[in-house]
2 protein chains.
Amino acid sequence: MASRKPTIADVAALAGVSVAAVSKVVNGKAGISAPTRDRVLTAASKLRWTPSAAAVALRSAKTRAIGMVARRSPDLLSADPHFTLLISGIEGELSPLGYGLLLHIVGEEPSAEEVAYRRLADERRVDGVVLTESRVGDTRFELLRTLDVRTVLIGTPWRADPVPSVQATGPARGVRAAVEHLVAHGHRRIAYVSGPEDRVHTLHRRRVFEDALAAHDLAPSHSVVSDFTAAGAVDAIGKLLAEHRRPTAVLFANDSMAVAGMSAARRLGVDVPGELSVVGHDDLPLGELVYPQLTTVRQDLIGLGRAAARVLLASLGEVEDASVDVRPPELVVRESTGPAPDRT
Amino acid sequence: MASRKPTIADVAALAGVSVAAVSKVVNGKAGISAPTRDRVLTAASKLRWTPSAAAVALRSAKTRAIGMVARRSPDLLSADPHFTLLISGIEGELSPLGYGLLLHIVGEEPSAEEVAYRRLADERRVDGVVLTESRVGDTRFELLRTLDVRTVLIGTPWRADPVPSVQATGPARGVRAAVEHLVAHGHRRIAYVSGPEDRVHTLHRRRVFEDALAAHDLAPSHSVVSDFTAAGAVDAIGKLLAEHRRPTAVLFANDSMAVAGMSAARRLGVDVPGELSVVGHDDLPLGELVYPQLTTVRQDLIGLGRAAARVLLASLGEVEDASVDVRPPELVVRESTGPAPDRT
DNA sequence: TTGAAAGCGCTAACAG
DNA sequence: CTGTTAGCGCTTTCAA
């Protein structure tokens, strides 16, 4: 039966030293002789003692935890797997240092999100937070600054702003490669189905898309703005295919939409990639499961998560070097893209 | 600029009362006059004060947080979206009570998992944990009991054991309905592709599957054990289709495998549902994205998450009633199933 | 190199 | 009804 949890005093007593000595040992402070250190260590492990997180937090005003709040979209579709990957990366960096990850999932109401951040900060539950899904007009930075919480953003800030952020090197590379790939296969009418326009990356990617086309003297066949849902994608594909001179290729802002779009096309009797090439974005596992397998722009989501954690950790003085190598986006060619159809 | 975080003493001073009074007010204890309570409340909100989680935890030995550790499968395929849904449900119950969710993601090595649980417990970071993916020979209960942490399992314990657990009412209903559906459509050779055999639910579902078939004097056409990966599913489908008298329908233990299996079949030139009907399990968003849309056994994952949280909360004395209504599994018929093909 | 002692912000007796 | 006070388990001066 688990008896009372041992405290630092128990360890000190067993080792025959003061609690101060024990504290110094576990925190690697100087001023402890080797024999003493050994006695303390043995005593600690004999008692299976670990410092109480609460006591440490109270005393040192450091919780050794970082927070994250995710908005749960109504259909659970979009952000999800994406999010999981990011979290894996973050945890990969936090765990070895004994840091915890406090996660909050909130509804769509904007206030819910703010409440969650406030709670994290006011209750002093975390030392920092990581933000994702950079939004145009994002107010989270200001909020968190007021709350005095360290913050790092995964993605591009919506404006020049002193928010620490991480992103892949050569962020434009992937979408550009996708366009090159399509053009090389003879596509001339290429459409883009973007996500909600309040997302910063949406705007960026669209811009890259257009620039890449322009480099070949092409203009986007159509650009349609969609939400991140399956229904939205189906809708978008419906519209695109109904056009008189319909596109021969479509880029989607994420994999879920791409898969949904691809399915919608096939349901309308349009062959993929025979009559329509489809490209996704992110390279979620999903893309390999479906038939045809999805050609997509791979993002190093795990790397981004690691990098974000690292930045936070560095600013907390836990690690020296904040840098993590985030692989640049790259095009993964699978089965959903092919030569442009002959008929004009 | 955020000045020093206010403490209970600041609130007490501003309200002109003692800290004890403030404490009683925020904790809803009796023995406070209405006017005093009001003064405290105003002062608290004026100062934007919230009790420090660390201090409360230290003092009351309650962290107001619950923990969860997830094993990250190498391909990230299986557990993921499933997991996210569970977490959404859990958070839905925790948030309103101001409880946090501490998440750890660990690698496959068994020891990593144990380390994570130990850390949660020894550092006293959480008041309880929720376990998922009940395994045969699961040792986590014993571990957590020794660690003296409250535990609840989502799923069925692998043996009669005093582990609090939650599961849907009529857990067998879904798979049974799937079999009925297939049989009603003339299928006689029905195969099952299960997950790893060390999962308790794998065994249960298989049993239900066989019993349901037996009720129609049928035996499973083939049962193949797979891991939870896409490759595994592709492999399984390959084997099944190579059989002399191949099955006309296949049930998969989860949606990812089902989708992968469906794709593999189509790649082999086998029409779904024309020549082969496919049924998944869980009803993840994925199933609606693909073409043909997946017929699947829906599980109320969010409800299960809520229920688990609720059990924990009840045992912590936070709520009276532990019950949450978890919808029974039900068959969602979409496009991947149809009448059995004519040829025998 | 070591230990004694003073809190960190809060809750829970216990007195008034 | 309200205030005083003693810690919860730890870290950190400051002396010895």
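None of these values were measured; they are calculated from a predicted model. Residue numbers begin at 1 in each chain, while the letters A, B, ... track the order of the sequences.
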Once you round it to whole Å, what is the distance between [atom2] of [N] and [atom1] of [X]?
{"X": "Lys62(A)", "N": "dC10(D)", "atom1": "NZ", "atom2": "P", "value": "19 Å"}
{"X": "Asn27(A)", "N": "dG9(D)", "atom1": "CG", "atom2": "P", "value": "17 Å"}
{"X": "Glu123(A)", "N": "dG9(C)", "atom1": "CD", "atom2": "P", "value": "15 Å"}
{"X": "Ile8(A)", "N": "dA5(C)", "atom1": "CD1", "atom2": "C1'", "value": "14 Å"}
{"X": "Asp122(A)", "N": "dG9(C)", "atom1": "CG", "atom2": "C1'", "value": "15 Å"}
{"X": "Asp38(B)", "N": "dC1(D)", "atom1": "CG", "atom2": "P", "value": "14 Å"}
{"X": "Arg64(B)", "N": "dG9(C)", "atom1": "CZ", "atom2": "P", "value": "20 Å"}

Check this one for me: any side-chain N or O of [X] less than 4.0 Å away from OP1 or OP2 of [N]?
{"X": "Thr7(B)", "N": "dG9(C)", "result": "no"}
{"X": "Thr36(B)", "N": "dT2(D)", "result": "yes"}
{"X": "Ser60(A)", "N": "dC8(C)", "result": "no"}
{"X": "Ser52(B)", "N": "dC8(C)", "result": "no"}

Assign [X] to base, sugar-phosphate, or nothing according to its heavy-atom contacts below 4.0 angstrom with the strands shown.
{"X": "Val17(B)", "result": "sugar-phosphate"}
{"X": "Leu58(A)", "result": "base"}
{"X": "Lys24(A)", "result": "base"}

Looking only at atom types and distance, does a side-chain atom of Ser134(A) sit under 3.5 Å from a main-chain N or O of Gly155(A), one as donor and one as acceptor?
no
Query raised in the report: Do Asp38(A) side-chain atoms and Pro35(A) backbone N/O form a donor-acceptor pair below 3.5 Å?
Result: no
Between Ile32(A) and Val19(A), whichever has its closest DNA chain C nucleotide further toward 5' is Ile32(A)
What nucleotide, of [options], holds the atom closest to the side chain of [X]?
{"X": "Val26(A)", "options": "dT2(D), dT11(D), dC10(C)", "result": "dT11(D)"}
{"X": "Ser33(B)", "options": "dT2(D), dT11(C), dT2(C)", "result": "dT2(D)"}
{"X": "Ser23(A)", "options": "dT4(D), dC10(D), dT12(D)", "result": "dT12(D)"}
{"X": "Lys29(A)", "options": "dC10(D), dC10(C), dT12(D)", "result": "dT12(D)"}

Of Arg118(B), Arg119(B), Arg140(B), the one forming a salt bridge (charged side-chain N to carboxylate O under 4.0 Å, His left out) with Glu113(B) is Arg140(B)
*asked:* Strictly below 4.0 Å, N to O, side chains only: are Arg64(A) and Glu318(A) in salt-bridge contact?
replied: yes
Sorted by chain and residue number, the side-chain contact (heavy atoms from CB on, under 4.5 Å) partners of Val19(B) (sequence neighbours excluded) come out as Ile8(B), Ala9(B), Ala12(B)
Closest to the 5' end of DNA chain D, once Arg59(B) and Pro35(B) are matched to their nearest nucleotides, is Pro35(B)
